[in-house]
Structure formats: structure tokens, C-alpha cells
Amino acid sequence: MRLILLGAPGAGKGTVAKLLTKLDGSVQISTGDILRGAVQAGTDLGKQAKAYMDRGDLVPDDLILGIMEKRLQEPDCQKGFLLDGFPRTIPQAEALKGMLAKLKIRLDMAVNLNVPREVILDRLTTRRTCENPKCQAIYNVKSMPPKVAGKCDKCGSPVVQRADETEEAISKRLDTYNDKTAPLIGFYKKEGLLFDVNATSSDVVVNEIKKKLGQ
Ligand code: ADP
Ligand code: ZN
């Protein structure tokens, strides 16, 4: 399948993407994971992106577009992909449209994960992430803690709160989402690709997507 996952920070894009990869071998492409990996590895990209990310601001479009143009042409994308965290602005959505047309790739749909604001805030403050850049497994101190506190079940690395998960950065990320990313809902509606789902449960979202794709 070839999907865009839209939704506020904490809406569950990453969780849903990971569940969907198990269905048909489509790959999850998370620009947030790519950027955090680059920050940890100390690459040029990471150095350029870090300050924006820590503040809860978006990284400039040209950096992201450079990454995505290459990423979409890697062979593992042929089975399908789940775009998690991209596009995030109207210019990114326009650029993606151009890239896909050039590569002759058609999207199935853009799924918008709808979650009430209280749920989002609660999820973001209790979320913890494995700090190993190759793993980045997601936990929640309330609903899904690691088996051993502070240690990733999958790889044993420390499970930490992200730098952009302070209250201040969270509130900034939600504002950024409302200003820059929420307009994509209208964009994909016009494109005839929008599928809006109530996303309080990730399993329900996955089932809705399956039904919609006729699988
Ligand atoms: P969340 O969806 O929980 O906010 P992500 O892991 O998707 O988190 O992204 C973390 C940060 O990485 C964002 O706050 C932003 O700074 C940067 N980022 C990720 N994807 C993009 C993108 N497509 N365009 C610009 N910045 C991005
Ligand atoms: Zn891990």
C-alpha cells in the first residue's frame, strides 16, 4: 500500500505505520526517525536539524525534500510505503505530488488520524522512546511501559523522553501542527485522497484502513 499518514503529534502515526508494515511488507518512512537518527549520528543533516527539532519547529522544507526524494527511490519502497510525518507543509505536499508523478507512483490515500486534544496531550507527556537510532521503539509510561523500567524490550537501550517532549516544546509542536500541517487535510480532500478516521485506538485505525483498501 502507498499511504500518507496525517495527524497531530501524538495521534499515533508511528504506531499505526508499524502495524501496517506487518500486513504487506510496505516500509514505514518516518522523517522524524530519520532526523533523530541523523542528530544522534552527528551528521551534517543532524547538525542542521537539531535546533529546530528541540524547539518544536519544523525543519526547513528543502532539507526534508532532499531526504525524501532519495528515500522514495530506494528499492524497499517498491512493495509500498507509509509516509509518517511527511508531508508536513503545503509546499512539501506540492513537491511530493511532483516527485510521485515523476516516479509514476500513485498514492492509495492520505489517512487523517483524528484524536481529541486532551488525549494528544496526555499521550505526549507520557510517551517514551528507545534512544537507539536503529530501533526508536515507542513506549508509554502509563499504558505500555517497557518490561524493565527505562530499558527497551527490543534492543535493551535506554528508553527516554525526547528532547522535544517538554511541556513547552509540546505546546509549540501542536501550534506548528495547527498552522502548517492541518491545512494538508483540505489539500488531500481536494485531491480526492482524504480518508478521515477516528484514531483513539490504533487497532481500529488499522482495520478501517484494511476495509477501505478492500483487503
Ligand atoms: P511528532 O509527529 O510526534 O511531532 P516526528 O517524530 O514526526 O514527531 O517529528 C519530530 C520533529 O522532526 C518535528 O517536530 C520537526 O522538527 C521534525 N520533522 C519531522 N518531519 C518533518 C517534516 N516533514 N518537515 C519538517 N520537519 C519535520
Ligand atoms: Zn530499542
Side-chain angles (χ1 to χ4, degrees), residues 4-18 28-40 45-69 71-72 81-96 99 110 112-113 115 119-140 144-148 150-166 168-184 187 199 202:
I4 295 174
L5 297 170
L6 294 174
K13 299 183 296 291
T15 307
V16 167
K18 287 193 174 73
Q28 174 189 12
I29 304 180
S30 158
T31 42
D33 285 354
I34 294 172
L35 292 169
R36 277 186 292 280
V39 169
Q40 287 231 341
L45 169 68
K47 284 183 193 138
Q48 292 179 70
K50 185 172 189 314
Y52 296 100
M53 294 173 73
D54 287 352
R55 286 201 294 273
D57 264 334
L58 293 180
V59 167
D61 288 337
D62 55 342
L63 276 185
I64 296 289
L65 292 173
I67 299 173
M68 287 306 297
E69 180 133 36
R71 185 66 189 88
L72 285 170
F81 50 75
L82 309 152
L83 301 185
D84 159 15
F86 174 85
R88 270 274 224 298
T89 62
I90 294 280
Q92 289 182 18
E94 299 277 12
L96 174 65
M99 275 178 221
N112 182 39
L113 309 185
V115 181
V119 177
I120 295 271
L121 282 173
D122 188 57
R123 281 186 188 170
L124 290 175
T125 46
T126 54
R127 180 154 85 176
R128 299 292 181 273
T129 308
C130 169
E131 76 172 13
N132 170 3
K134 294 210 179 75
C135 177
Q136 304 204 31
I138 298 166
Y139 298 92
N140 184 294
M144 218 205 352
K147 291 197 190 86
V148 178
K151 222 172 159 186
C152 180
D153 294 350
K154 291 184 185 127
C155 76
S157 302
V159 167
V160 298
Q161 188 159 25
R162 275 167 37 182
D164 62 357
E165 281 174 351
T166 61
E168 206 186 341
I170 289 171
S171 139
K172 173 78 182 164
R173 277 159 64 211
L174 293 174
D175 290 346
T176 305
Y177 169 79
N178 286 328
D179 293 349
K180 307 259 175 65
T181 309
L184 296 184
F187 179 94
S202 302

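Start at 1 and go down the list; that is how both ligands and their atoms are numbered. Everything numeric here is computed off the predicted structure, so don't read it as measured data.
At a 4.0 Å heavy-atom cut-off, ligand 1 touches R173 through the side chain alone. Looking at L35 against ligand 1, only its side chain comes within 4.0 Å, counting heavy atoms. Heavy atoms of Q136 found under 4.0 angstrom from ligand 1: none, in either backbone or side chain. When heavy-atom distances to ligand 1 are checked against a 4.0 Å cut-off, D84 has no atom that comes that close, whether in backbone or side chain. Here I64 has side-chain heavy atoms under 4.0 Å from ligand 1, and that is the only part of it that gets that close.
Side chain of K134 to backbone of G37: no donor-acceptor contact under 3.5 angstrom is found. Under a 3.5 Å cut-off, the side chain of K13 and the backbone N or O of G85 do not form any donor-acceptor pair. Q40 places a side-chain N or O within donor-acceptor distance of the main-chain N or O of E131, the cut-off being under 3.5 Å. Although no hydrogens or angles enter the test, the distance criterion places no donor-acceptor pair under 3.5 Å between the side chain of R128 and the main chain of G150.
When hydrogens are left out, the protein atom nearest atom 9 (O) of ligand 1 is R88 NH2, 3.1 Å; that is the closest non-hydrogen contact. Shortest contact from atom 20 (N) of ligand 1 to any protein heavy atom: T31 OG1, 2.7 Å.
No option in D54, D57, D179 other than D57 meets the salt bridge (Lys or Arg N to Asp or Glu O under 4.0 Å) test with K172.
Side-chain contact between C152 and N132 is absent, with no heavy atoms from C-beta onward closer than 4.5 Å. Using a 4.5 Å heavy-atom threshold, the side chains of R88 and T176 count as separate. Residues I29 and F86 fail the side-chain proximity criterion, which asks for heavy atoms closer than 4.5 Å.
Note: R173 CZ to L58 CG = 10.5 Å, rounded to the nearest 0.5 Å.
The contact set between ligand 1 and D57, taken as ligand atoms under 4.0 Å from a residue heavy atom, comprises 15 (C), 16 (O). Of all the atoms in ligand 1, the ones that sit under 4.0 Å from a non-hydrogen atom of Q92 are 22 (C), 23 (N), 24 (N), 25 (C).
Judged by the shortest distance from any of its heavy atoms, K13 lies inside the 4.0 Å radius around the atoms of ligand 1. The shortest heavy-atom distance from R162 to ligand 1 is under 4.0 Å. Proximity of R123 to ligand 1 is not established, as no heavy-atom distance is less than 4.0 Å.
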Go through the steps to decide whether L35 and I67 satisfy the test side-chain contact (heavy atoms from CB on, under 4.5 Å), and finish with yes or no. CA-CA 9 Å; L35 292 169; I67 299 173; 4.0 Å; yes

Evaluate Y52 against R55 for side-chain contact (heavy atoms from CB on, under 4.5 Å), listing each step before the verdict. CA-CA 5 Å; Y52 296 100; R55 286 201 294 273; 3.4 Å; yes

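Taking all heavy atoms of D54, V59, L96 into account, the minimum distance to atom 25 (C) of ligand 1 is reached by V59. When M53, M68, K50 are checked for heavy-atom proximity to atom 11 (C) of ligand 1, M53 turns out nearest. Here the shortest heavy-atom distance to atom 23 (N) of ligand 1, taken over G10, G7, G85, belongs to G85.
Note: angle at the Zn ion (ligand 2), from SG of C152 to SG of C130, is 110° (rounded to 10 degrees). Rounded to 10°, the angle formed at the Zn ion (ligand 2) by SG of C155 and SG of C135 is 120°.
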